[in-house]
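Report on the following structure.
If you're wondering where the values come from, they're calculated on a predicted model, not measured in any experiment. Just so we're on the same page: letters track the sequence lines, and every chain starts at 1.
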Protein chains: 2
Amino acid sequence: MYNRIALFRTEAGLSRKDLAEAVDVNPQTIGYLERGDYKPSLELAMKIAAQFDVPIELIFSFTPFESVADALRRS
Amino acid sequence: MYNRIALFRTEAGLSRKDLAEAVDVNPQTIGYLERGDYKPSLELAMKIAAQFDVPIELIFSFTPFESVADALRRS
DNA sequence: AATTATTGTTGTGTTAACACAACAATAACG
DNA sequence: CGTTATTGTTGTGTTAACACAACAATAATT
């Protein structure tokens with residue numbers, strides 16, 4: 001399971017602690033998710049997606065995300 | 001957490017056993033999910049959504065889904 | 001009516017997603 | 001330089017999402 005939590009989080013100017021408070025989990029949990037140490041529950045994934053106002057599929061994927069450079073080049 | 005698994009499943013002509021095999025879980029697990037006895041992992045939710053080829057948000061929601069009648073009336 | 005498929009219920013066991021604490025390493029800032 | 005914020009690491013404990021088994025109830029099929 002790949003994710004772009006860190007990407008969205010830093011762009012939003014949030015620390016892990018900030019995001020953790022926003023979605024109501026322990027700050028360590030955000031770190032574990034970003035590193036891929038464990039996979040989120042659907043509930044947590046939905047809260048994170050809601051926080052950045054994007055669909056879940058933009059943040060979580062079974063296949064690797066393309067680089068930001070490539071994505072912007074395509075857009 | 002509300003879901004429309006049963007709705008999509010029956011429309012697709014699948015039994016719980018069928019869907020369970022398609023997303024590689026125990027048939028009981030589908031029953032538990034449909035009844036709301038427990039919430040899916042993100043991984044399972046994504047597999048189910050992929051099975052019906054719709055975004056996760058069409059199947060799972062924090063708020064109740066409108067009735068099929070209302071949805072069709074609106075469309 | 002008999003058989004088979006589907007669904008629901010109960011129970012037990014395992015694993016991983018969490019919470020929480022403590023501390024080290026590094027980065028940012030006064 | 002000293003302080004503070006941020007991130008990473010390790011460890012322990014709890015809970016819920018699963019697997020699996022057995023069986024009852026109902027629906028569908030022959």
Hey, is the side chain of B:T29 poking within less than 4.0 Å of OP1 or OP2 on D:dA17, counting only N and O atoms? no
Between A:S41 and D:dA16, is there a contact of a side-chain N or O with OP1 or OP2 at under 4.0 Å? no
Between A:S61 and A:P64, is there a donor-acceptor pair closer than 3.5 Å when you use the side chain of the first and the backbone of the second? no
Counting N and O atoms only, with roles assigned by atom type, does the side chain of B:E57 sit under 3.5 Å from a partner on the main chain of A:I56, one being a donor and the other an acceptor? yes
[X] has an atom [atom1]; how far is it from atom [atom2] of [N], in whole Å?
{"X": "A:L19", "N": "C:dC18", "atom1": "CG", "atom2": "P", "value": "13 Å"}
{"X": "A:I30", "N": "C:dA17", "atom1": "CD1", "atom2": "P", "value": "14 Å"}
{"X": "B:R35", "N": "C:dT10", "atom1": "CZ", "atom2": "P", "value": "10 Å"}
{"X": "A:I5", "N": "D:dT7", "atom1": "CD1", "atom2": "P", "value": "13 Å"}
{"X": "B:E43", "N": "C:dT15", "atom1": "CD", "atom2": "C1'", "value": "13 Å"}
{"X": "A:K17", "N": "D:dT4", "atom1": "NZ", "atom2": "C1'", "value": "12 Å"}
{"X": "B:Y32", "N": "D:dT15", "atom1": "OH", "atom2": "C1'", "value": "16 Å"}
{"X": "B:I48", "N": "D:dA17", "atom1": "CD1", "atom2": "P", "value": "13 Å"}

Candidate nucleotides [options], ranked by approach to the side chain of [X] - the nearest:
{"X": "B:P40", "options": "D:dC18, D:dC20, C:dA19", "value": "D:dC18"}
{"X": "A:Q28", "options": "D:dC20, C:dA19, C:dA21", "value": "C:dA21"}
{"X": "A:L44", "options": "C:dT6, C:dC18, D:dT9", "value": "C:dC18"}
{"X": "A:R9", "options": "C:dT9, D:dT7, C:dC18", "value": "D:dT7"}

side-chain contact (heavy atoms from CB on, under 4.5 Å) against B:E21, all qualifying residues, sequence neighbours excluded: B:K17
Apply side-chain contact (heavy atoms from CB on, under 4.5 Å) to A:E34 and list each qualifying residue two or more places apart in sequence or on a separate chain. A:I5, A:A6, A:R9, A:R16, A:I30
Along DNA chain C (nearest heavy atom to each residue), the more 5'-positioned of A:Y38 and B:G31: B:G31
With both distances under 3.5 angstrom, what nucleotide forms a Watson-Crick or G-U wobble pair with D:dC23? C:dG8
Can you spot which of A:I59, A:L33, A:N3 makes a side-chain contact (heavy atoms from CB on, under 4.5 Å) with A:P40? A:L33
